[in-house]
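Accompanying notes for the structure given below.
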Amino acid sequence: MMAGVIWAWLSAWAIGTGVVLLCWPREQWRRDHLLLLGLGLLAGLGVTSVVYVASSLLPTDERLLAGAVIEGCALVALVVALRRKWDGLPLTAAEHPQAPPLPRVWAWCVGIVVIQGAVLAGIVAWRMYQIDPHGGWDAWAIWNLQARAFFRTEGTWPELMRQTQLAWAHGDYPKAVPASVARLWQWAGAEPAWIAAGMSASFAAATVLVVTGVLSALRSPLVGAIGGFILLTLPGFVLAAPSAHADIPLGAFMAAAVTAALMSRRTEGAVGPAMVAGLMTGLAAWTKNEGLLFAVVFLPLYTVGVVCAGQKRSAGYFLLGLAVAIAPTVMLKVSGAPPNDVMADVGSRWWSMITDGARHEVILNAFIRDATTFTGWTYGLYPVMGAALLLPPWGRRLREGEGWVLPLVALMACGYYAVYLISPHDLSWHLNSSLVRLYVQLAPVALVGWALWLPAWSPRKDRVVSRWGAKIAFVAINVGLSAALVIALSAQPRRGELTKMEKDGNSVVLTAGEGWYPSESDGSSRWWWSRGRASLVLNAQTAPVTATLSFHTRSLQSRTLWISSRGRELWRGEVEETFLEVTLPPLALQPGANELWFEISGAPVKEGSAPDARALGLMIHDPRLR
Amino acid sequence: MKLPAKLSRFGLPLCFAALAGLALVNLWQTSRIIAATGPYSPPDVASLHDRACEPVRQTLLARAVREPVGFIVTERGERNSQGWTEAYYLAQYAMLPVVLDPAYERCDWVVALDEGAQTLLANAYERVEDFPSGLALWRRRVP
């Protein structure tokens, strides 16, 4: 199974890289290698998903073989074409100014930070995958469900997805994500959940490569590292990476289109990157309906820009790439896909919705609120990001053909705003369930747009360290730091554990029993609210052990708290709104589960006036065992 | 060296250091919330539904049932509530290519996720098979 998956993934990358290299100016291959690796992976996943969908509809029982033959022929043709391109042009340095490289010491430091950030991001993404192996709600309700429709039917998925009972699974949605997942499942001969999560993570990794690569190429490796690192460690992005939603892939294709377009403006006469930009725009539309909005916004913005700059051929090649890549989406949409839910049910209510001031207020408030919450940052980076723009040298920052990136983000946000305005769904529900993900889609492009405004940086000559010595030290430091990171992370309480302790070779784990809401946290503090009567469980691993439990507690109103175990009262006291520290007498624990019951006088109190406000009994804050 | 010159030389590297430090602290805080799974972690609901529904799916495919199959769950809230919708979507995700229809009255076959279906189905349907996960397959009685 594993060999098939690796082969399918690598062949997709090879095909995509071949397509992109074929379009890219030969003399820029070496310098743009990071960008090309990212673009290649995205192009490959997009192109092979189209081939998979096409081959799934062939009137043959050997659909996997048919798809493999098509991909194999494409690979051979690309190798032949690239060989000719390789032989035809000498490998020379680019004629335009080279971005200054990082001095060795700086490269060393930046490299260590980036690698440790990647390790931490990888661990957090892995934890997210373990919590939800099948991804979030949209993953199993839409994308992976459609992937199963591909995998579990013999080419009859269009009929299946048109069943009225499955209207909520959005058979009209573009197929890049489900087809990419189903293609790997087909090669694996099974449908393990990790393939869908891994595919999602591949798109995320490609996005980081693209953002880092384009900023390194257009500015400097340090600016590339800044942009790539912010994205790599953005909690909202990291948590979405294995979620198997389509937002990360869409953000990846949009970032790829924008970066290829930026690169096309860098070299006069080089039309290949413009074609890649068109291709990526079409693949964005093949990923999610918001990609169609992106195509509508980006097409005029880019083509008018290049035509005004006298690069009419670039506009033509962009349109050619777009026409090729958007064709599958057009065919899907006109071939009887069910109507889109947002557009289907609005009818004559458009005008009243657009002129409803209350709707505007709700949407604007949500846009402002989620501009921060989507990041998942505890400590916002926005002030530092703003301050970075004020650094000298002052003067003109953007070069010709770079000024449209942030306006593009603003236009996309306006498009999303308009869709919310005419949404037939409950507006609050629609905003709360999707706006954060729309921000995640736009984050890579917005980061590129911001980083282009950063000042130039001209490094001075640096001390030369022994090459081998430096490399060995670099690897050793990273291995050591990564090990320390893993050890520190493994000491954190696991999911479901309130706290734990080790004593005399025995471990005791405190878990929530009945009657608690999910845990809440702020910085390093964690707390749990009870619904009323509730229990905690002390799980002793092997031998009998004595443990002392202490915690802080409070309630929204004065009430009496009784804590008991096996019918014996352990503690009784008055709990107020202010925190009270409680230390229970030493508990003689038997191996297995030992329950503690928390009973309170009076009914739980609603935490607010909202209809769905929780009724809260008692708070347990930062419990500790010793 | 004057301040602007110093900032020109060290500003961007310092900016990287500040951003990287903050970003790592933020991600560390996230790692505290997204804790690793362990023996006391709650199970993931999609895998639970997958495991529970798979024998039913195999039975329906073995019986060559092609038409939509009714779906009943009574212990996950009102119909169209979040709990009910989650159960329905997850069951459908697990059962594909069998299509589940919440309007079970129009179906000859019905999958019941819990025992509450007994009272709804007992008159017009007969229980065909019980599954270890608590699911049951019902079929309309032939008049």
Side-chain angles (χ1 to χ4, degrees), chain A residues 106 110 113 116-117 120-121 123-124 127-128 130-134 140-141 144-145 148-149 152-153 160 163 165-166 168 193 222-223 225-226 229-230 233 235 238-239 376-379 381 384-385 387-388 391-393 454-455 457 460 489-490 492-497 509 511 521 523-524 539, chain B residues 3-42 44-47 49-50 57 61 68-69 71 82 85-86 88-90 92-103 107:
Chain A
W106 268 109
V110 170
V113 171
Q116 297 312 311
L120 185 54
I123 292 171
V124 172
R127 287 180 175 186
M128 195 63 207
Q130 286 188 311
I131 292 168
D132 282 325
H134 292 267
W140 40 259
N144 286 347
L145 186 142
R148 284 187 170 181
R152 292 181 178 181
T153 61
L160 179 66
Q163 300 253 15
Q165 291 90 348
L166 290 178
W168 49 267
L222 183 59
V223 174
I226 290 173
F229 191 77
I230 292 177
T233 54
V238 174
L239 297 182
W377 287 331
T378 311
Y379 307 104
L381 267 64
V384 185
M385 290 170 75
L391 289 171
L454 288 175
W457 186 58
R460 296 192 176 180
L489 285 166
S490 62
Q492 292 176 339
R494 289 174 178 263
R495 193 169 157 79
E497 297 176 355
V509 177
T511 58
S521 65
S524 58
N539 302 276
Chain B
L3 185 64
K6 277 186 182 174
L7 281 176
S8 290
R9 187 174 169 198
F10 299 114
L12 206 57
L14 284 175
C15 166
F16 173 78
L19 286 170
L22 270 176
L24 287 173
V25 169
N26 281 322
L27 200 52
W28 179 266
Q29 295 291 7
T30 306
S31 78
R32 294 175 56 85
I33 300 163
I34 308 299
T37 49
Y40 304 106
S41 305
D44 98 87
V45 287
S47 298
H49 278 76
D50 249 11
R57 187 177 84 95
L61 292 178
V69 172
F71 168 81
Q82 178 154 350
T85 306
E86 184 183 54
Y88 170 47
Y89 285 10
L90 282 169
Q92 180 62 81
Y93 172 61
M95 296 285 284
L96 223 63
V98 174
V99 174
L100 299 180
D101 190 343
C107 302

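In what follows, chains carry the letters A, B, and so on, assigned in the order in which the sequence lines appear, proteins first and then strands, with residues in each chain numbered from 1.
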key: A:V124 backbone acceptor or donor facing B:S31 side chain under 3.5 Å   = no
Set of residues satisfying side chain to side chain donor-acceptor pair (under 3.5 Å) with respect to B:Q82, sequence neighbours excluded = none
key: A:A121 portion near chain B, given a 4.5 angstrom heavy-atom threshold   = both
request  = Taking the side chain as every heavy atom from C-beta outward, state whether B:Q29 and A:Y379 have any pair of such atoms under 4.5 Å apart.
outcome  = yes
Please list every donor-acceptor pair under 3.5 Å in which a side-chain atom of residues 96-103 of chain B meets a protein atom from a residue at least two apart or in another chain.
from: B:D101; atom 1: OD1; to: B:A103; atom 2: N; distance (Å): 2.9
from: B:D101; atom 1: OD1; to: B:R106; atom 2: NH2; distance (Å): 3.2
from: B:D101; atom 1: OD2; to: A:Q165; atom 2: NE2; distance (Å): 3.1
from: B:D101; atom 1: OD2; to: B:R106; atom 2: NE; distance (Å): 2.7
from: B:D101; atom 1: OD2; to: B:R106; atom 2: NH2; distance (Å): 3.0

Chain B contact via A:I123 - side chain, backbone, both or neither, heavy atoms under 4.5 Å = neither
request  = Check for a donor-acceptor pair, side chain of B:D44 on one end and backbone N or O of A:I131 on the other, with a separation under 3.5 Å.
outcome  = no
ask   = Are A:R148 and B:Y93 in a cation-pi setup, meaning NZ or CZ lies under 6.0 angstrom from the ring centre and within 45 degrees of the ring axis?
value = yes
inquiry  = Suppose we call two aromatic rings close when their centres sit under 6.0 Å apart. Are A:W140 and B:Y89 close by that rule?
reply    = no
query = Which residue out of B:L27, B:L24, B:L22, B:D50 racks up the most heavy-atom pairs below 4.5 Å with chain A?
reply = B:L27
query = Is it the backbone or the side chain of A:L166 that comes under 4.5 Å from a heavy atom of chain B, or both, or neither?
reply = side chain
ask   = Is A:R127 reaching over with its side chain to a backbone N or O of B:T37, donor-acceptor style, under 3.5 angstrom?
value = no
Per-residue contact mode, A:Q130 against chain B (heavy atom under 4.5 angstrom) = both
request  = Side chain from CB out, backbone as N, CA, C, O: work out which of these in A:P235 comes under 4.5 Å of a heavy atom of chain B, or both, or neither.
outcome  = both
task = Using non-hydrogen atoms and a 4.5 Å limit, figure out which bit of A:L391 sits close to chain B: side chain, backbone, both or neither.
result = side chain
key: Most chain A-contacting option - heavy-atom pairs closer than 4.5 Å, from B:A18, B:C15, B:A36, B:A23   = B:A36
query = To the nearest 0.5 Å, how far apart are OG1 in B:T85 and CH2 in A:W168?
reply = 10.0 Å
